[in-house]
Amino acid sequence: MHPYNRLPSSGHTTPSPPASPRRSPRLRHIRTKTGRFSPAQPAPRTFAQRLAWIFLSVLLRRQGVFLFAPLIYISGMILYFGTFSFDIVPIITHRPAPGSVYRSPQLYARLLPEMDADNSSVDAISTIWRSSNKGGEWKPCVHRSTEGLPESNGYIFVEANGGLNQQRISICNAVAVAGYLNATLVIPNFHYHSIWKDPSKFGDIFDEEYFVNTLKNDVRVVEKIPEYLMERFGSNMTNVFNFRIKAWSSIQYYGDVVLPKLLEEQVIRISPFANRLSFDAPPAVQRLRCLANYEALRFSSPILNLSESLVARMRKKSIMNGGKYVSIHLRFEEDMVAFSCCVFDGGKQERDDMVAARERGWKGKFTKPGRVIRPGAIRINGKCPLTPLEVGLMLRGMGFTKNTSIYLASGKIYDAEKTMAPLREMFPNLHTKETLASEEELSPFKNYSSRMAAIDYTACLHSEVFVTTQGGNFPHFLLGHRRYLYGGHSKTIKPDKRKLALLFDSTTIGWKSLKRQLQSMRSHSDSKAVELKRPNDSIYSFPCPDCMCHTNRTNDSKSSSAT
C-alpha cells in the first residue's frame with residue numbers, strides 16, 4: 001500500500017514518488033571516462049590540521065576538558081609573552097595630596113641662604129597697616145546708666161568653667177542675664193578644671209571692687225547671698241535649685257523660663273554657664289555685655305602691674321622700631337599637638353608621645369571603634385597648629401626682618417629645644433614673660449595657668465601687631481579688645497592656613513615667589529581688620545557697631561577747624 005499526499009492537487013489523489021537518497025555534502029560525484037560516477041577523493045590533510053582535528057574531537061567527546069580551558073589559555077599567553085623581554089617594569093607609587101605632608105623643615109633649609117641675603121625691603125612693622133578709614137573711624141561709646149536700680153527680683157549664682165577667656169564669657173553673659181532679669185548677680189564662682197588646674201578665685205584674676213563699682217548703676221553685684229536667704233537651703237549652695245540651660249539659649253528663654261522660678265525661689269543657680277547665651281540679643285542686652293567686657297573687667301593689681309612692666313620692657317627693646325613689637329600666640333603645646341592629630345617630623349618618639357598625651361587627656365576619645373584619623377586631610381584643611389618654624393618662615397616672608405622684636409605668648413612648647421631653634425635663628429630678639437621678668441616677679445603666678453594667661457593677654461593687647469596661629473577664646477577676645485582700643489582696627493595677622501599648607505609643601509617654590517604670596521596674605525589681614533558684627537558673630541570679637549560708634553572724620557575736622 002502506497003502512501004498518499006494529504007494535500008490533493010486538481011481534485012485527484014496520486015501516489016507520491018519515492019524520496020531521493022540523501023547525499024553527503026562532503027562527497028561529490030564526478031563523471032569518469034566510462035560515463036560512470038565515482039566519489040571525489042578529498043585533499044590530503046596537513047599535520048597541523050590532523051592535530052587540530054584530534055584535539056577538537058577529544059574536546060567534543062569529553063566536555064569536562066572545558067574546565068581546563070582557562071588554564072590552557074593562560075599557559076598560552078605566558079608562552080607567547082615569554083618570547084619578549086621587558087627590561088623596564090612600571091612601578092606605581094602613591095603620591096600624597098599637595099599640602100598633606102609636613103615639609104617645612106626642608107623648605108626652610110633650602111630657602112635660608114636666600115632669605116638671609118634678602119635686603120630688598122624695609123621692616124614690615126613700620127608699614128604694615130595701610131588700611132585707613134577714609135569715612136571716619138570707630139570709637140568706644142558704651143553708655144552707662146546714671147539712674148538708680150529698681151528692687152531686685154532675686155539672686156543669681158553662676159559657675160564659670162574653662163580657662164581664662166571662657167570664664168570671661170561666662171562673667172559677661174551673667175552680667176547681661178542679671179540685668180535683663182533685674183536680678184542681683186553674685187560674684188561668679190570659678191569651677192576648678194582638671195586640665196587648667198587653677199584654683200584661682202575671681203578676685204585673684206580680676207579687680208573685684210572695680211568690677212562692682214563700674215556696674216553699680218546697671219547691675220547689682222554682691223560678694224555673697226544674704227544669710228537669711230541661705231538658711232532656707234541649709235546654708236548649702238548645692239541645695240539651691242540649679243538650672244541646666246542649653247547652650248546658646250536666647251535671652252527670651254531666660255525671661256520665659258528662668259524669671260518665674262527666680263521670683264518663686266529668690267535664689268537660683270546656673271551651672272555650668274559657659275556659652276549659655278546666644279550671640280544675638282536685643283541692644284539693651286548687648287550694651288551690658290560691652291560694659292562688662294570692655295569696661296568693668298580689669299585684671300587685678302598684681303597681674304596688671306607686672307603686665308604693664310613687661311609691655312614697657314618690650315617697647316624699650318624695640319627702640320629701633322619706635323617701640324613697636326610683634327606678639328604671637330603660639331599654640332604648639334603637647335596637648336594641642338596631640339588633640340590636633342597632625343603628624344610632624346618627630347618620628348616614632350613623636351607618635352608615642354602623642355598617643356600617651358591623648359590617652360592622658362581624653363581617655364578613649366581617639367580610639368573609639370570606627371573612628372578614622374586622617375592627618376593629611378587635617379593639614380590640607382588648615383587645622384594643624386603652626387610650628388615655631390612655620391611661624392618664623394611666614395613672618396620673614398611677610399617682610400619682618402631679623403631686627404623685629406617678638407613677644408611669644410604660649411604655654412610649654414612641645415620638644416622646645418628642637419622646635420624653637422629655627423624661630424630663634426630667624427628672630428634673635430625673641431622674648432617671653434619668662435625672659436622679661438625675674439624669677440621673683442613670676443613666682444606668685446607660676447602655678448596658676450589663668451594668671452599666667454592674663455599676663456600674656458596684656459602683653460599681646462598692647463603690641464603693634466598680633467599674630468594668631470590657632471583658634472580659641474584667647475585670640476577671639478584679643479581681636480575684639482584690640483578693635484575696641486584701636487579705632488575698630490584689630491591690627492592682627494590671621495593667616496590662611498590652608499594656603500600655607502600648600503606653600504610650605506612645595507618643593508619648587510623660590511624665596512621671591514613665597515615672599516610675594518605671603519605679603520599678599522598680610523595685605524588681606526589688613527583689609528579684613530575692620531569688620532562689623534554679622535548675625536551669629538560674637539560681640540567679643542566684633543564690637544562694632546554694638547559697643548562702638550562710627551565717627552565721620554570729615555565732619556570732625558570741619559568742626560575742629562571752625563572752633
Side-chain angles (χ1 to χ4, degrees), residues 149 152-196 201-202 205-206 211 215 218-225 229-230 232-233 236-293 296-297 450 472-473 476-477 480 533 535-542 546:
L149 292 168
S152 174
N153 289 328
Y155 291 83
I156 294 179
F157 177 86
V158 301
E159 285 195 0
N161 54 313
L164 173 67
N165 292 289
Q166 199 167 357
Q167 291 169 345
R168 195 175 185 119
I169 292 175
S170 298
I171 296 166
C172 298
N173 286 348
V175 169
V177 168
Y180 182 76
L181 300 180
N182 187 33
T184 300
L185 177 66
V186 182
I187 289 289
N189 180 55
F190 288 171
H191 178 69
Y192 180 82
H193 198 282
S194 58
I195 293 179
W196 286 275
K201 304 300 181 185
F202 186 97
I205 300 173
F206 299 105
F211 180 74
L215 296 171
D218 293 277
V219 178
R220 288 188 184 88
V221 183
V222 296
E223 188 176 352
K224 61 180 182 178
I225 300 170
L229 282 176
M230 286 304 297
R232 293 172 47 201
F233 307 100
N236 189 344
M237 186 57 70
T238 58
N239 295 330
V240 175
F241 182 84
N242 183 37
F243 267 101
R244 288 283 181 175
I245 296 176
K246 292 182 179 178
W248 316 115
S249 293
S250 68
I251 195 66
Q252 286 77 17
Y253 174 86
Y254 288 88
D256 296 340
V257 178
V258 178
L259 181 58
K261 193 69 176 178
L262 175 65
L263 293 170
E264 176 187 344
E265 297 285 333
Q266 286 296 294
V267 181
I268 61 168
R269 183 165 59 103
I270 305 176
S271 177
F273 192 66
N275 302 323
R276 291 306 187 269
L277 181 62
S278 66
F279 285 137
D280 293 324
V285 176
Q286 299 292 56
R287 181 185 71 83
L288 292 173
R289 276 173 155 169
C290 297
L291 182 61
N293 186 50
L297 279 180
S450 292
N473 288 319
H476 290 166
F477 265 91
K533 180 185 177 299
N536 297 320
D537 279 343
S538 169
I539 201 170
Y540 308 121
S541 296
F542 302 93
D546 296 278

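Computed from a predicted structure; not experimentally measured.
Ring pair Phe190/Phe206 is perpendicular by interplanar angle, where above 60° counts as perpendicular and below 30° as parallel.
By the side-chain hydrogen bond (donor to acceptor under 3.5 Å, both in side chains) test, Asp256 pairs with no residue at all, sequence neighbours left out. Residues that satisfy the side-chain contact (heavy atoms from CB on, under 4.5 Å) test with Phe243, not counting sequence neighbours, are Phe241, Ile245, Val257, Val258, Lys261, Ile268, Ile270. Every side-chain hydrogen bond (donor to acceptor under 3.5 Å, both in side chains) that Glu159 has, sequence neighbours left out, goes to Ser271. Legend: residues meeting disulfide (SG to SG under 2.5 Å) with Cys290, ordered by chain and number and at least two apart, are Cys547. Applying the side-chain contact (heavy atoms from CB on, under 4.5 Å) test to Thr184 and every residue at least two apart in sequence or in another chain returns Ser152, Tyr155, Arg220, Val222. With sequence neighbours left out, Phe542 forms a ring-ring contact (aromatic ring centres under 6.0 Å, His included) with no residue at all. Not a single salt bridge (Lys or Arg N to Asp or Glu O under 4.0 Å) links Asp546 to another residue, sequence neighbours left out. Contacts of Asn153 classified as side-chain contact (heavy atoms from CB on, under 4.5 Å), with partners at least two apart in sequence or in another chain: Asn182, Leu259, Leu262, Leu263.
Taking CD1 of Ile187 as the start and CD of Glu223 as the end, the distance is 7.5 Å to the nearest 0.5 Å. Annotation: the span from Asn239 atom CG to Met230 atom CE amounts to 8.0 Å, rounded to 0.5 Å. With values rounded to the nearest 0.5 angstrom, Met237 atom CE is found 3.5 Å from Ile225 atom CD1. Interatomic distance, Ser450 OG to Gln167 CD, rounded to the nearest 0.5 Å: 4.5 Å. A distance of 9.5 Å separates CG of Leu164 from CG of Asn473, quoted to the nearest 0.5 Å. Taking CG of Leu288 as the reference point, atom CD1 of Ile251 lies at 9.0 Å (rounded to 0.5 Å).
Across Val240 and Val267, no two heavy atoms sit closer than the pair CG1-O, 3.6 Å. Minimum interatomic distance between Asn165 and Phe477 (heavy atoms only, all atoms of both residues): O-CE1, 3.3 Å. Nearest heavy-atom pair across Gln166 and Asn275 is NE2-ND2, 4.2 Å. The minimum heavy-atom distance linking Ala178 with Val219 is given by the pair CB-CG1, 3.9 Å. Taking both residues in full, the closest heavy atoms of Ser278 and Ser250 are given as OG-CA, 3.9 Å, listed atom of the first, atom of the second, then distance. The two residues Ala274 and Asn161 make their nearest non-hydrogen contact at CB-OD1, 3.2 Å.
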**Message:** Applying side chain to side chain contact (heavy atoms under 4.5 Å, CB included) to Glu265 and Phe233, what does each step give before you reach the verdict?
**Reply:** CA-CA 10 Å; Glu265 297 285 333; Phe233 307 100; 3.9 Å; yes
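Applying the ring pair (Phe, Tyr, Trp, His ring centres under 6.0 Å) rule to pairs touching residues 165-188 yields nothing, sequence neighbours excluded. Counting only residues at least two apart or in different chains, salt bridge (Lys or Arg N to Asp or Glu O under 4.0 Å) contacts with residues 273-290 comprise Asp218-Arg287, Asp280-Lys533. Applying the ring pair (Phe, Tyr, Trp, His ring centres under 6.0 Å) rule to pairs touching residues 157-177 yields nothing, sequence neighbours excluded. Sorted by first and then second residue, the pairs that involve residues 245-279 and meet ring pair (Phe, Tyr, Trp, His ring centres under 6.0 Å), not counting sequence neighbours, are Trp248-Phe279.
No donor-acceptor pair under 3.5 Å is formed between the side chain of Ser541 and the backbone N or O of Ser538.
Taking 4.5 Å as the limit, some side-chain heavy atom of Phe202 sits within range of a side-chain heavy atom of Ile171.
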